[in-house]
Engineer: 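My structure is below; once you've seen it, I'll send some questions.
Lettering of chains follows the sequences in order, A, B, ..., and the numbering in each one begins at 1. The basis for the numbers below is simple: all heavy atoms, side chains too, and nothing from hydrogens, waters or symmetry mates.
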Amino acid sequence: MASLSEEVLLVVKKVRQRKQDGTLYLMAERIAWGPEGKDRFSVSHLYADIRCQKISPDGKAKIQLQLVLHTGDSTTFHFSNDSTALKDREAAKELLQQLLPKFKKKANKELEEKNRMLQEDPVLFQLYKDLVVSQVISADEFWANRLGDTNHADPSLSNNKQEVGISGAFLADIRPQTDGCNGLRYNLTADIIESIFRTYPTVKQKYCENVPHNLTEKEFWTRFFQSHYFHRDRINTGTQDIFSECAKQDEKGLKSMVVQGVKNPLVDLLSLEDKTLDEGYGVCTTASTSNPNRTVKDSSNSAIIKRFNHHSAMVLAAGSIELAQSSETSSTDGNSRDSDFFQPPVKKVRLQETMEYEDLQGENRPKTVALNLKKSDRYAHGPVPLQSQHYTTSQEIINSVNNIRDEMLNYKPNLSQVLSNTTASSAIAALSSGGVLMKAATQQAINQMVPSEVQGELKHLYAAAGELLRHFWTCFPVNTPFLEEKVLKMKSNLERFQMTKLCPFQEKIQRQYLSTNLTGHLEEMLQAAYSKFHVWQTRRMLRKT
Amino acid sequence: MKLNIEGLLVYFPYDYIYPEQYSYMLELKRTLDARGHGVLEMPSGTGKTISLLSLIVAYQKASPLEVTKLIYCSRTVPEIEKVVEELRKLMEYYSKQTGESNNFMALALSSRKNLCIHPEVSALRFGKEVDGKCHTLTASYIRAQRHSDPDVPVCRFYEDFDAVGRQVPLPAGIYNLDDLKDFGRRKGWCPYYLARYSLLHANIVVYSYHYLLDPKIADLVSKELAKKSVVVFDEAHNIDNVCIDSMSVNITRRTLDRCQGNVDTLHNAIQKIKETDAEKLKMEYRRLVEGLKEANVARETDVYLANPVLPDEILKEAVPGTIRTAEHFVGFLKRFLEYLKSRLRVHHVVQESTPQFLKDIFDKVCIDRKPLRFCSERLQSLLRTLEIADIADFSAVTLISNFATLVSTYSQGFTIIIEPFEDRTPTIANPVLHFSCMDPSIAIKPVFQRFQSVIITSGTLSPLDIYPRILDFRPVTMASFTMTLARTCLCPLIVGRGNDQVALSSKFETREDFAVIRNYGNLLLEMSAIVPDGIVAFFTSYVYMENIVASWYEQGILENIQRNKLIFIETPDAAETSMALEKYQEACENGRGAILLSVARGKVSEGIDFVHHFGRAVIMFGVPYVYTQSRILKARLEYLRDQFQIRENDFLTFDAMRHAAQCVGRVIRGKTDYGIMIFADKRYARADKRGKLPRWIQEHINDGSLNLTVDETVQLSKHFLRQMAQPFRQEDQLGLSLLTLEQLESEEMLKKISQIAHQT
């Protein structure tokens with residue numbers, strides 16, 4: 001029991017699993033169960049592997065805890081200590097609740113990443129299906145190479161994917177449906193939740209605070225939709241609403257945005273007026289805005305207006321956060337030196353912009369040259385390399401004509417070596433159109449000859465073979481024991497690939513009477529790999545002996 | 001290029017020129033030649049400002065004795081700065097062409113808030129605070145106190161300016177607000193006072209309307225400006241309201257309470273000063289006996305701009321004996337205050353003319369007309385004598401005394417309305433006394449009288465003839481210019497019906513009608529799907545917008561719009577709206593597209609331009625009539641009818657249409673720009689409404705676009721947008737709406753140009 005050295009956080013006795021009594025151990029990184037009287041664990045799960053835990057409803061006779069793994073398997077523990085069963089279960093549950101999220105994040109991140117890659121790249125997905133699902137290579141092997149690639153090779157490329165903004169109407173997309181019995185159903189997708197979180201960070205905060213300790217996810221969203229916060233036109237009813245705080249924080253955020261002011265002086269309405277009339281002067285046409293008793297309807301209306309402004313601002317901000325962060329660093333660098341000297345202030349630039357008449361001033365803008373194409377088809381098709389051997393000088397032509405003429409002069413038919421009648425006629429038949437030898441000359445493209453489904457399969461085979469071969473060839477030169485091991489494994493992988501994938505395909509196309517040399521190239525590639533392997537192996541043997 | 005405008009050499013800092021610019025300069029020159037006033041309407045984005053500046057600067061150079069100064073008035077701070085930048089461009093062109101450095105001096109003037117460089121004062125956020133704080137540091141007696149007590153804080157920038165700043169005039173050059181601040185920082189001088197001082201010898205002054213129209217400020221800043229100046233009011237379509245605002249006063253119960261406090265403070269201060277420094281009060285008394293002779297002399301020699309608050313008669317007399325001593329004056333103020341308080345204790349609406357009011361005040365508290373007229377003057381004197389530091393605290397009593405002077409000076413053109421409560425909340429007592437000016441000509445009269453040429457110009461001044469009537473002046477030129485276009489880049493459409501044939505209108509009877517609101521929503525929704533980038537929508541009033549937005553929200557229309565574009569909405573709070581505006585522009589900039597819901601007559605409709613992709617379509621929901629139930633408006637309409645023979649409906653329609661034109665005009669800011677203008681109200685189709693739109697919009701409304709349904713509008717818009725999306729090159733414009741010098745000089749073109757100006 002090597003793992004005894006691990007830190008054991010909780011031990012629960014009298015826990016049954018598969019009708020066997022035993023003890024449940026919760027350790028720093030895994031949960032384990034061993035049958036009574038035995039010295040080893042028959043069940044052991046890393047926390048990272050556990051997707052979630054489920055408990056039996058209160059009041060059930062059996063007090064159980066179920067662990068669902070990412071693989072879909074589940075393990076059920078039955079707490080059988082009569083007196084303290086419930087307490088035991090609660091203790092285990094509480095502890096798991098604290099532990100799981102820690103590991104979940106790590107595991108999820110990786111999983112998500114893999115998932116994302118598979119979803120984004122259909123080829124990779126196919127490859128994954130071909131190689132991993134059909135168990136040519138293991139998932140770890142598959143990913144070992146992939147993830148590494150993206151992680152260090154060029155992070156810019158993978159990160160460069162543009163951040164997707166948020167639809168302005170994402171809240172409108174959550175259409176409630178009546179479920180027939182006096183209730184409403186809201187359909188929330190991960191995207192919408194993501195949008196809500198990004199637009200309203202306060203809701204996310206609430207979510208993190210409350211789920212799953214106080215509320216289940218479902219309860220949380222139910223409350224969200226019932227809240228005054230969601231329906232901003234409703235009047236704030238009570239303070240027990242967990243979202244009332246969100247509204248307050250939003251208000252604060254809005255206020256701080258307002259206080260910050262605007263960067264563009266041309267839209268700053270506050271500084272627009274040069275000289276406002278003193279209080280008391282002027283025709284007062286508008287009713288005073290500070291009127292304390294605006295009707296309830298009025299204030300709810302203005303709340304809607306505020307909400308729209310806030311919502312739009314937040315949506316906009318959520319979309320541009322990434323951009324702003326990256327550009328901010330660079331811009332502060334530029335400004336920190338001395339903005340007054342190096343850059344004209346924003347105001348001046350804006351003023352210049354507004355007073356520019358681009359059509360009045362002719363010359364001083366940068367001249368652009370219009371593209372003037374004489375032969376547009378050449379532009380469209382790009383340059384074609386000249387094939388020099390097609391060009392012959394006139395002297396050469398004359399020479400060759402002379403040569404031919406000379407030869408013809410000396411031509412004497414060698415009648416003893418001509419073909420027999422029958423062979424000659426069959427040769428003619430074969431060479432005339434429709435004949436056996438003329439088939440290639442009809443230039444039927446492969447895509448017309450082969451049904452598309454076979455083509456697709458072939459493509460997948462190529463992709464898979466390419467992937468495996470890549471793995472194989474990257475092992476050379478073999479200079480570490482690890483690589484040695486890998487090259488052996490890859491060889492067997494290749495063989496397995498040929499057996500399980502390539503051969504059935506070959507048989508299949510034979511059955512469909514298609515020309516078998518479709519897979520010729522694939523085989524050649526495999527053969528090249530094998531021969532390389534053999535060369536390497538014999539050399540190794542020689543060295544060993 | 002160098003132009004020849006009827007014998008005047010004009011440097012124009014561009015290589016090309018729009019035909020209408022040439023035409024505009026022609027009219028302008030004729031106005032200046034005639035030493036008269038002019039009303040000129042030219043579409044925005046056709047280079048009005050640079051044409052104005054080019055011509056007037058050329059005129060100044062050619063005949064420096066005839067036109068000594070250009071006073072350019074604009075409305076907003078960014079516009080002021082823009083004008084100065086255009087001027088800078090012109091001057092650079094001048095020196096490049098002539099090869100000699102310029103001896104022109106031009107500057108922008110703005111309030112202390114925009115010019116102050118004092119580290120503490122300039123950090124304050126509101127203009128009023130800055131003014132107040134500045135006063136506490138720079139008032140003459142504060143500085144006098146410093147001589148005896150060096151611990152009294154003063155503004156070192158002002159001190160330095162006062163010590164040496166006046167000796168050498170500001171070197172020639174173009175000074176924008178920021179340049180003034182830079183210069184001030186370098187020299188250690190106060191830019192605000194420097195600018196105010198330099199106003200007198202500047203060739204060109206750019207500032208806001210208020211410095212010329214508001215008597216309270218004009219008296220301080222602009223009264224010594226030379227008579228031979230040309231005054232330009234740009235964006236002048238609202239000038240009558242500015243005039244009226246500057247002469248109107250509202251008094252609430254709160255004002256009176258604060259005023260009571262002020263009077264008490266004054267009383268105590270007088271008591272204190274009597275014990276310590278009675279001599280001071282005696283000196284003041286003597287000065288008042290002497291009368292306002294000095295001011296009178298100045299007025300007679302015509303050095304000063306007349307102050308309508310301080311009419312000529314006052315100057316000829318001394319302050320009447322009844323309010324000459326400080327205590328008597330405070331007693332007088334108290335009585336007046338009590339009278340006002342009693343007047344505010346009404347239960348029904350009272351409306352009376354100024355003579356009625358004066359008679360009543362004489363009957364009740366025995367206050368004569370004469371001392372009332374000197375009230376404002378007398379208070380200023382007292383505040384000076386008592387060395388009151390923070391003038392801002394005394395705004396209430398200043399307001400009351402200004403009111404007293406105004407009410408006793410003008411028997412015509414004003415009305416007094418006392419409302420015990422607001423119309424919408426009849427149960428809550430909130431009495432207000434409106435002393436409201438109905439005649440904009442009162443405030444602007446001194447300007448017309450004093451300066452030889454006053455140019456009123458804007459993108460939307462139609463119908464032109466109404467401005468001379470309401471401002472009471474006789475222009476020598478009135479012209480409206482169209483926009484010559486190589487492609488019709490504006491597409492005015494009048495939507496009269498929904499798809500269900502419901503008539504669309506914002507008129508009072510159908511205002512709450514769900515069918516109308518729904519159809520308006522559909523219009524916006526459909527447009528949001530086809531118009532790229534930004535759409536701006538204007539409503540007739542804030543309340544109306546709130547209601548519509550709420551019912552669109554309930555009907556789910558807004559949600560559907562959100563699928564296409566983000567929604568931003570103007571709020572009564574300026575800071576919040578600024579933020580919404582900036583976000584709106586950001587959303588247009590990054591390609592997401594956005595809709596701005598806004599209000600006609602609001603800040604956005606008056607001061608913000610939506611160039612290019614910031615506004616590809618503008619929708620005017622309804623006709624933006626002013627709230628007609630207001631008593632002030634009714635009184636004004638009556639006055640207009642009686643005095644100027646302008647029918648009520650004509651004026652209301654004119655007012656509504658100029659605001660509608662302002663709103664829709666926001667999207668077209670130049671010939672390369674393009675935009676759809678949707679008038680969503682069937683009333684726009686009527687000739688009396690349509691005829692009041694500016695000519696450059698009107699001429700693109702054809703009979704086919706008069707009473708469209710929403711669907712038809714969408715079809716026409718799609719077609720228009722597709723056309724506009726084609727590349728538009730300079731060559732396409734050249735010779736039609738853009739001219740080189742040679743083209744301009746051809747006979748044929750000159751003939752064409754003469755048709756651009758539409759004389760009335």
Side-chain angles (χ1 to χ4, degrees), chain A residues 165 167-169 171-172 233 254 257-259 261-285 287 289 291 293 297-298 300-302 304-306 308-309 312-313 315-316 319-320 345 347-348 351-352 354-355 357-363, chain B residues 14-16 47 76-78 80-82 85-86 110-111 127 208 210 217 244-245 248-251 255 395 399 422 424 436 546 549-550 553 559 562-563 565-569 571-572 574-583 585-587 590 603 607-608 627 630 632 670-672 730 733 738:
Chain A
S167 157
L171 283 178
D233 51 333
L254 191 66
M257 264 197 272
V258 168
V259 168
V262 291
K263 287 187 216 87
N264 182 356
L266 294 186
V267 299
D268 191 358
L269 295 168
L270 284 176
S271 65
L272 218 53
E273 287 280 312
D274 190 22
K275 172 76 197 172
T276 47
L277 290 165
D278 278 342
E279 201 182 345
Y281 296 97
V283 180
C284 96
T285 44
T289 45
N291 195 347
N293 27 9
K297 191 167 167 251
D298 281 351
S300 86
N301 284 356
S302 64
I304 292 176
I305 285 177
K306 271 211 176 121
F308 270 104
N309 278 341
S312 300
V315 167
L316 202 58
S320 56
K347 189 166 151 190
K348 207 148 200 177
L351 276 178
Q352 290 291 346
T354 53
M355 51 171 265
Y357 290 96
E358 52 197 14
D359 44 352
L360 280 183
Q361 55 212 134
E363 275 111 72
Chain B
Y14 292 101
D15 302 320
Y16 299 93
T76 63
V77 178
I80 288 169
E81 295 189 293
K82 224 161 90 184
E85 289 308 316
E86 297 216 29
S110 180
S111 56
S208 102
H210 299 280
I217 314 172
I244 284 176
D245 276 345
S248 299
V249 173
N250 301 300
I251 296 169
T255 325
S395 62
L399 180 77
E422 273 175 47
R424 268 186 291 167
S436 140
E546 257 190 3
V549 166
Y553 175 75
E559 287 181 354
Q562 276 184 322
R563 283 179 216 278
K565 289 181 191 304
L566 292 178
I567 299 176
F568 294 96
I569 307 173
T571 68
E576 230 173 280
T577 310
S578 306
M579 192 209 71
L581 255 174
E582 195 181 49
K583 298 281 175 199
Q585 294 201 337
E586 197 184 323
N590 74 12
K603 285 216 164 96
I608 307 294
Y627 174 62
S630 136
I632 300 170
K671 297 188 175 185
T672 50
Q730 198 177 37
Q733 280 204 62
L738 189 69

Engineer: With side chains defined as the heavy atoms from C-beta onward, is the minimum distance between I569(B) and I304(A) less than 4.5 Å?
Structural biologist: no
Engineer: State, yes or no, whether a side-chain contact exists between L254(A) and M579(B) at a heavy-atom distance under 4.5 Å.
Structural biologist: yes
Engineer: So, for F568(B) and A313(A), which heavy atoms are closest and what is the spacing to 0.1 Å?
Structural biologist: CE2-N, 3.9 Å
Engineer: For A587(B), is it the side chain, the backbone, both or neither that has a heavy atom under 4.5 Å from a heavy atom of chain A?
Structural biologist: both
Engineer: If the condition is side chain to side chain donor-acceptor pair (under 3.5 Å), which residues does Q733(B) pass it with, not counting sequence neighbours?
Structural biologist: D359(A), S737(B)
Engineer: Under the rule for salt bridge (charged side-chain N to carboxylate O under 4.0 Å, His left out), what residues qualify as partners of K671(B), not counting sequence neighbours?
Structural biologist: E20(B)
Engineer: What part of T571(B) is in contact with chain A, defined as an atom under 4.5 angstrom from a non-hydrogen atom: side chain, backbone, both or neither?
Structural biologist: side chain
Engineer: Give the C-alpha distance, both sets of side-chain angles, the deciding distance and a yes or no for side-chain contact (heavy atoms from CB on, under 4.5 Å) between D268(A) and V77(B).
Structural biologist: CA-CA 10 Å; D268(A) 191 358; V77(B) 178; over 6 Å; no
Engineer: Evaluate the side-chain proximity of L269(A) to I608(B): yes if any heavy-atom separation is below 4.5 Å, no if none is.
Structural biologist: yes
Engineer: With chain A, which of I251(B), L738(B), V549(B), T255(B) has the greatest number of heavy-atom pairs at distances under 4.5 Å?
Structural biologist: L738(B)
Engineer: If I take atom CG from residue L581(B) and atom CG from residue N309(A), how far apart are they, to the nearest 0.5 angstrom?
Structural biologist: 10.0 Å
